[in-house]
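See structure below.
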Amino acid sequence: MRHVHKNIVQTAAQCPPRPIGDNPPLGPGSQLGPPRRRPPFASPPSGPPTGLYSAAQQFIVGADIDHTDVRISLPIIFDDQVVGYLYSSPIRDIESSSATAFSQQQRWTSMGIGLLCLLLASASAIAWWLSRFLLIPVKQVMLGVSYLSQGNYDQRLSPQRTDELGQLMANIDHLALTLSKNRSAKNR
């Protein structure tokens, strides 16, 4: 750690320790003035009721929460010892119009995200079905061409479709039949 004071750089080991009681006095005649007090709240602050408790579970400050209703319990640990607890309880009633509007906005956003996920899942299922519908005949055509390249002219694709893939299958079957006839005519 380094301390910078009047363009002099010193390490923490070089700085003399400052006595604890060497702080400037605070009060009416001091430079800093008296400590300012926070104005009292006209209404309690919004948010979940939260209370600070000692390590012995004694209430210190904040909202005194019934321990049976506590939803969140956070231990305060200092030097590996629990020195207190912070308890908080959820707000039961939404009191302000902005909180109600926020809650409704969250609900609509959640429903929108759910609908988007449903549409995405539906689109994925349709894409999978279309790919299967289109890839099975393409694989059959590839298999038929493979048979032809190996000289096996007796395998037929038997097209059951009337689209372009069905026409391609029919043409491959016709080619296989023609090559088979030519080979048998050549063997005679």
Side-chain angles (χ1 to χ4, degrees), residues 1-139 142:
M1 176 182 233
R2 300 168 70 110
H3 298 278
V4 179
H5 183 63
K6 294 183 183 178
N7 298 328
I8 299 174
V9 178
Q10 295 177 326
T11 63
Q14 295 170 338
C15 292
R18 190 169 132 183
I20 295 174
D22 198 24
N23 293 328
L26 297 178
S30 70
Q31 293 176 332
L32 298 176
R36 290 190 294 166
R37 296 186 59 165
R38 293 176 65 187
F41 289 105
S43 63
S46 62
T50 304
L52 179 64
Y53 289 80
S54 69
Q57 303 292 324
Q58 293 175 342
F59 174 73
I60 298 174
V61 70
D64 193 8
I65 299 170
D66 180 20
H67 293 293
T68 60
D69 193 35
V70 172
R71 297 287 189 253
I72 299 171
S73 173
L74 180 68
I76 301 169
I77 300 173
F78 182 74
D79 285 337
D80 294 329
Q81 289 185 331
V82 175
V83 294
Y85 293 94
L86 191 63
Y87 292 120
S88 184
S89 180
I91 298 175
R92 299 248 184 232
D93 300 321
I94 297 175
E95 299 169 1
S96 69
S97 61
S98 63
T100 304
F102 179 74
S103 177
Q104 288 176 347
Q105 180 184 10
Q106 292 289 64
R107 187 177 312 119
W108 282 108
T109 302
S110 297
M111 288 176 27
I113 290 171
L115 182 64
L116 185 65
C117 289
L118 182 65
L119 287 174
L120 186 62
S122 299
S124 298
I126 290 171
W128 178 81
W129 180 80
L130 280 174
S131 69
R132 300 252 324 151
F133 179 74
L134 293 175
L135 285 180
I136 289 174
V138 170
K139 287 181 181 179
M142 289 173 51

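Just so you know, these numbers come straight off a predicted model, no measurement behind them.
- To the nearest 0.5 Å, atoms CG (L115) and OG (S122) are separated by 9.0 Å.
- Residues meeting the ring-ring contact (aromatic ring centres under 6.0 Å, His included) test with F102, sequence neighbours left out: none.
- Side chains of D64 and Y53: a donor on one and an acceptor on the other come within 3.5 Å.
- Counting heavy atoms of neighbouring residues, nucleotides and ligands inside a 6.0 Å radius, atom CD of Q81 does not exceed 12 of them.
- Evaluation of the side chain to side chain contact (heavy atoms under 4.5 Å, CB included) rule for A63 yields P49, I65 as partners, not counting sequence neighbours.
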Show the atom names and distances, to 0.1 Å, of all donor-acceptor pairs under 3.5 Å that link a side chain in residues 125-139 to residues at least two apart or in another chain.
| from | atom 1 | to | atom 2 | distance (Å) |
| --- | --- | --- | --- | --- |
| S131 | OG | A127 | O | 3.4 |
| S131 | OG | W128 | O | 2.7 |

Identify each donor-acceptor pair in which a side-chain atom of residues 105-113 lies under 3.5 Å from a protein atom, sequence neighbours left out, and give them as a table.
| from | atom 1 | to | atom 2 | distance (Å) |
| --- | --- | --- | --- | --- |
| T109 | OG1 | Q105 | O | 2.8 |
| S110 | OG | Q106 | O | 2.9 |

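- Of all the heavy atoms in S54 and Y85, the pair that sits closest is O-CD1, 3.6 Å.
- Residues satisfying the side chain to side chain contact (heavy atoms under 4.5 Å, CB included) criterion with L74, sequence neighbours excluded, are L86.
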